[in-house]
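Reading through the structure tokens given below for one structure.
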There are 2 protein chains.
Amino acid sequence: MTRVMVTDDHPVVRAGLRALLEASGLEVVAEASSGAEAVALISRMPVDVVLMDLQMGEGIDGVEATRLVLDRPSPPAVLILTTYDTDADILRAVEAGAAGYLLKDAPPESLVDAVHRAARGETVLAPLVAQRLVTRMRSPAPSLSGRELEVLSQVAEGASNRQIAKRLVVSEATVKSHLVHVFTKLGVDSRTAAVAAARESGLLR
Amino acid sequence: MTRVMVTDDHPVVRAGLRALLEASGLEVVAEASSGAEAVALISRMPVDVVLMDLQMGEGIDGVEATRLVLDRPSPPAVLILTTYDTDADILRAVEAGAAGYLLKDAPPESLVDAVHRAARGETVLAPLVAQRLVTRMRSPAPSLSGRELEVLSQVAEGASNRQIAKRLVVSEATVKSHLVHVFTKLGVDSRTAAVAAARESGLLR
DNA sequence: GCCCGCCTACAACTTTTGATGGATGCGGGT
DNA sequence: ACCCGCATCCATCAAAAGTTGTAGGCGGGC
């Protein structure tokens, strides 16, 4: 019997997953409402497959939780189950070792099927997700440095260079430098175009 | 007995709602996976409360479906159940006559409670939502003219004033004029801040 | 008819942003 | 130890963007 744990901060989703999975003969042995709770539970009870939501409010995010779960001895398979296919975290999740990536609008059968496959050690990706993965491999998402991303997100919130400089405690010239690098990496030549491009490629939400 | 219909394009969510509601003695007599389906079903079966998701992929959106459902003779109460409290559609939904607005991360009890209240004809808003409603009433969403919005959305896509002027076949000076008006209405003083503010208040997708 | 909001347009001026080129320091690899 | 790449930082100058004020034509509402 495959033992499943569901991790999601929405009670409704947890109940839905439990209902769908148990209707197909799978055994939901635990529910966690946060990444932290998932990690804590996993060390105290044997589980074969973990269904993990990516966007969870407080604390550890889904990717980090995935990493922690897979860090223990004889880890379960972790299936990411999320709402968005545009998410930039797809890559991070797969890199973290997730056994699969499903969308919440998936039909119940494919959900159940995915759990079974994961339990057998297979990798399972939603078609849409797989597609995005390969397109992103072809035109790799330019990786911004920590500082660059920090600056860019402030820009996205409408801050001026002067404001950003003040907040980050650097000179305005420095902020401009970071921006120039961002522009080059994204292939644009203005701050507004930069946030548009970053949004497009999921670097910015 | 209160008869409930759940409308959501995610099977998982539908199953979750059904499970939670039925565990509390409510009767889920129908499920719809789209706004159109909800409208079609409602005319053929008596229902007391409709739980309606706002963001549904194809076709009619939640607000429109709400309007249509409430248009029939002796309509059910419509409870909006959605993921985001930032949603600009909150206002539209309430205007459309929704009996309440809940967030998907609500605890099961408050969900069940809300359905009962709605069935009794009461209005029920999640605290967070109520808060946003009043703040938005206090500072009403500034309405942009057609041209202003047109310019602003090009800005949001990263276009320069020159490019916008070319595309809209007007002079650059005109574009600047429109932008000045947008800035005043939104209470900001830069294009990036304008798109941030417009996003915040839902003027821009 | 008259007022008002919208779209259009221009000029002149200030501020912000972007371009260019160069400097420092840290960490990885050989 | 040395070099290289990269993130970080800075200054100067040119180019957009934003400010202010003004104005004609056009449509709808009173």
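Order of the sequence lines fixes the chain letters, A, B, ..., with proteins taken first and strands second; residue numbering starts at 1 for each chain.
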Exercise for the section: Please state how far atom CZ in B/R167 lies from atom C1' in C/dT8, giving the value in whole angstrom units. Expected result: 20 Å
Completion exercise
From NE2 of A/H181 across to P of D/dC10 the rounded distance in Å is 14 Å
Handout entry: Nearest-Å distance for atom pair NE2/C1', residues A/H178 and D/dC10
Key = 11 Å
Problem - Value rounded to 0.5 Å, distance of CG in A/L204 from CZ in A/R199 - result: 5.5 Å
Exercise for the section: Identify, with sequence neighbours excluded, every residue that meets salt bridge (charged side-chain N to carboxylate O under 4.0 Å, His left out) alongside A/D71. Expected result: none
Completion exercise
A/L149 CG to D/dT8 C1', in whole Å, measures 16 Å
Exercise for the section: Could you tell me the separation between the CG atom of A/L203 and the NZ atom of A/K185, rounded to the nearest 0.5 Å? Expected result: 10.0 Å
Practice task
Flag the pair B/D48 / B/V4 as yes when at least one side-chain heavy-atom distance between them is below 4.5 Å, and no otherwise.
Solution key: no
Completion exercise
A/A159 and B/T192 have their tightest heavy-atom pair at O-OG1, 4.5 Å
Handout entry: d(CG, A/L168; C1', D/dA7) in whole Å
Key = 14 Å
Handout entry: Steps toward side-chain contact (heavy atoms from CB on, under 4.5 Å) verdict (A/V47, A/V29)
Key = CA-CA 8 Å; A/V47 166; A/V29 297; 3.9 Å; yes
Completion exercise
If each end axis of the helix from C/dC7-D/dG24 to C/dT30-D/dA1 is fitted on five C1' pair positions, the angle between them, to 10 degrees, is 50°
Practice task
Would you indicate whether B/R167, at its atom CZ, is surrounded by more than 12 heavy atoms from other residues, nucleotides or ligands within a distance under 6.0 Å?
Solution key: yes
Handout entry: Atom pair distance, as rounded to whole Å: CD in B/E150 and C1' in C/dT8
Key = 14 Å
Practice task
For residues B/V155 and B/I164, determine if any side-chain heavy atom of one lies less than 4.5 Å from a side-chain heavy atom of the other.
Solution key: yes
Completion exercise
Going 5' to 3' through nucleotides 11-30 of chain D and flagging B where a protein heavy-atom sits under 4.0 Å of the base, S where only the sugar-phosphate is that close, and - otherwise, we get B----SBBBB----------
